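Following: one structure in structure tokens, then a few remarks.
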Amino acid sequence: MHYLGPMQNQPTSAAAPRSESEAPAPRTGSIAARAMAAARPAAAYLDNLNPEQRDAILTIEGPLLVLAGAGTGKTRVLTTRIAHILATGQAFPSQILAVTFTNKAAREMKERIGHLVGGAVEGMPWLGTFHSIGVKLLRRHAELVGLRSDFTILDTDDQIRLLKQQIQAEGLDEKRWPARQLAGLIDGWKNKGLAPKDIPEGDARFFGNGRGRELYAGYQDRLKVLNAVDFGDLLTETLRLFRENPDVLADYQRRFRFILVDEYQDTNVVQYLWLRLLAQGSRNICCVGDDDQSIYGWRGAEVDNILRFEKDFPGAKVVRLERNYRSTAHILASASHLIAHNEARLGKTLFTESDDPDAEKVRVAAAWDSEEEARSIGDAIERLQRRGASLDEVAILVRASFQMREFEDRFVTLGVPYRVVGGPRFYERLEIRDAIAYFRLVSQPADDLAFERIVNTPRRGIGDATVQMLHAYARANRVPLTEAAANMLETEEIKGKARSGLREVMASLGRWRGQIDALSHIELAELILDESGYTAMWQNDRSAEAPGRLENLKELIRSMQDFESLAGFLEHISLVMDRDGADGAEAVSIMTLHSAKGLEFDDVFLPGWEEGLFPHQRALDESGRAGLEEERRLAYVGLTRARKRAYVWFASNRRIHGSWQSSIPSRFLDELPAAHVEVVDQGSSYGGYARSTYGAYGESRFDRAQSFSSSYDTPGWQRAKAARAAGAGTGVPPVRTGPKVIEGELIARSVVGGEARFAVGARVFHQKFGYGAVFSVDGNKLTVDFDKAGRKKVVDSFVDEA
DNA sequence: TAATAGAAAATTTTT
DNA sequence: TTTTCTATTA
């Protein structure tokens, strides 16, 4: 897709500081700057970097793409690079734009820079997420895009409710045309930077009897009336601001002497356009990312952005970080071999210099069903624990969140502490959102969505009918709902319970507003929750969740203490949906593969490698080959989270939505390199092949144990025995079990001192080191005398016959 | 208006 | 299986 031409060249020297805050920093590359840098003794922060990292940090000028494989020190490069720019005086903190995707990443980066520069930097005003920087820009220039600077930011929930109204207004059937789906479409359009007029005809036709475009346009109008933006707008409106106001753009182009982007593979079209505009100023843009870890395509991320970098930014330099400091050679080889099945990639080969002779191969194991999978993994984790492993270093990474449950159940029974990472987030909880709606309404009387949310929570006898009347009045008179309510109370239109209820809320709201200045925001918050009857509502609720909800409300009040005012708090939570949790005791982490990106553990369990689940059927159906490749990247992300050991599991039967379904092993299992994988039977119950022949429905676990010997009388078992016999004399301890045959096919053979792929003296070729001759062979590890690179130890899967 | 019973639908989710 | 929404009824 060529929707864009290459970036225009602009002279670097155009930068001319204008305001005080942009006081002259030494001109990039000026003689003075270079002299300063040269005169300085080699800075401590540059110690212990490998040559590629150093290159990425010291290449300050011009566009630079850092392709950073998993575990290659990406964050270190990014932070050190900023520290370097600051330390050599090439820019002030306020002249560096550094964008990340998550608040967590932004926070970490700030901290690490602080450490590197010795805390001398007073924050970096332009280090943050795309969205938070967008908010900052929009608040400054709100009037230029038709907003007031106190605009509110809607979350997904508000968005959906608004769209639902839009759909109703168009007279469409809500069931046939779910608001959720429309929200998804609009998000998609915004990610691509498409305004209502720009969306493709096909897309517009697709939804709501061809009224997609009208719905989108109507929604945008409504947002403007509400003085509100959604998450997508934070990016699209900023882009519009720059495009329609060249003077504003020029100002920021001058300001940002250096631009750094984290996780570039996850940028979407708008973000890309936004960066490209800003980068036309200094041309000093450095993007760090890994095309093999692009797993958010379904959210609009364009892998293409990273694949096309050199075309978009002519003269760009590309640095590859391939030296992995995290995982064992077996894990790296497995991950690399797997990801090599993808076509759309720039191609990197991770390697490690560590050659731990005790490193364990990636294990693949089968279970009869998902319960057994959970049981066996639970047992394995207990074994690790007994061996003294820290549970903090153990993670279970699942494809879909419904898989988590079985593990949770199992851990509860075993008494193994665990923590679910991700999942429903604090500020998204019902009670928290209700409370926040109250706060929002007090600080912003025109917030219609907040009003709707709480008018009848707790119950005040104000039902749908009343709310509809308010809506009609509000629309007819173009006033916010609060005002409509106030006016209608003057008339006789609303009667009975609804009238008294409404009168009561309106009086309370007025009272609370009057106390904004008199009370601290904490006291006010407590007062609101108390007087509104909201706390009482949950106290009277005898359901199981009620106490937890009250606890969460307390937690909400507590977290408000970190802020100066109600407004400041509301701003924060609209962007940061997560609370930075203070992690308590040691526990196993359970999370989705998506939320595991960027983390690492000693032991990683990867359950559920079955066709349909992983790769997920829907990814295949909806995005075909691209979908499959993204799933494969997800598998790659999963494997590369492991430092020491990775365990891949699949179950032949899985319960999905209550009914049992049988499944076949994931194709990704076949894509693992046999030499680095050991297929194990965890000793739990049965041979997979035999299982399917015996059709063991209704069998008890005990029965399975009895059929043990006969179940191994399979071709696979024969092969296993042969393999074991072959390995017997080599001094390698015999493995407990042999290869497992699944659905009659050998997916991966455990090589127990098996035939070496290369003989001493053989000519080989290595991606990185070139041609060479094998000097010695040790299992799957080779020592090779490379013609150019000298003697290196490498894993055999990395070399080919020359 | 509120409570309740029954039906339909349930990837991944940085902001 | 479980949750969430909708339609029905008091």
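Per chain, numbering begins at 1; letters A, B, ... match sequence-line order. Nothing here was measured: the structure is a model prediction, and the numbers come from that model.
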Is the ring centre of [X] less than 6.0 Å from the ring centre of [Y]?
X: Tyr216(A); Y: Trp189(A); result: yes
X: His341(A); Y: Tyr636(A); result: no
X: Trp298(A); Y: Tyr296(A); result: yes

Under 5.5 Å and under 30°: [X] stacked on [N]:
X: His657(A); N: dA10(B); result: yes
X: His131(A); N: dT15(B); result: no
X: Trp298(A); N: dT12(B); result: yes

From C-beta outward on [X], which listed nucleotide comes closest to its side chain: [options]?
X: His616(A); options: dT15(B), dT12(B), dT11(B); value: dT11(B)
X: Glu631(A); options: dT11(B), dT15(B), dT1(B); value: dT11(B)
X: Thr592(A); options: dT13(B), dT14(B), dT15(B); value: dT13(B)
X: Ala619(A); options: dT11(B), dT12(B), dT14(B); value: dT11(B)

*With respect to Arg654(A), which candidate in Glu371(A), Glu406(A), Glu610(A) satisfies the side-chain hydrogen bond (donor to acceptor under 3.5 Å, both in side chains) definition?*
Glu610(A)
*asked:* Which is it for dT12(B), anti or syn, if anything within 90° of zero counts as syn?
replied: anti
*asked:* Quick check: any donor-acceptor pair below 3.5 Å linking the side-chain of Arg399(A) to the base of dT11(B)?
replied: no
_Donor-acceptor pair present, Arg405(A) side chain and dT2(C) base, under 3.5 Å_ = no
Rounded to whole angstrom units, what separation is found between the [atom1] atom of [X] and the [atom2] atom of [N]?
X: Lys597(A); N: dT14(B); atom1: NZ; atom2: P; result: 12 Å
X: Ile656(A); N: dT11(B); atom1: CD1; atom2: P; result: 10 Å
X: Asp157(A); N: dT13(B); atom1: CG; atom2: P; result: 17 Å
X: Glu263(A); N: dT15(B); atom1: CD; atom2: C1'; result: 14 Å
X: Ile295(A); N: dT13(B); atom1: CD1; atom2: P; result: 9 Å
X: Gln661(A); N: dT11(B); atom1: CD; atom2: P; result: 12 Å
X: Phe402(A); N: dA9(B); atom1: CZ; atom2: P; result: 18 Å

*Indicate yes or no: does Asp621(A) engage Arg618(A) in a salt bridge with an N to O separation below 4.0 Å.*
no
*Kindly indicate whether the side chain of Gln265(A), heavy atoms from C-beta on, has any atom under 4.5 Å from the side chain of Asn305(A).*
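No; the side chains remain at least 4.5 Å from each other.
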*Taking for each residue the nucleotide of DNA chain B bearing the nearest heavy atom, is the 5' side occupied by His594(A) or by Leu234(A)?*
His594(A)
*Start at the 5' end of DNA chain B and walk down; is the nucleotide closest to Arg618(A) or to Asn456(A) reached first?*
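Mapping each residue to its closest nucleotide by heavy atoms, the 5'-most match is Asn456(A).
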*Paired with dT13(B) by Watson-Crick or G-U wobble geometry, both distances under 3.5 Å: which nucleotide is it?*
none
_Under 3.5 Å on both distances, the Watson-Crick or G-U partner of dT9(C)_ =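 dT9(C) is paired, partner dA2(B).
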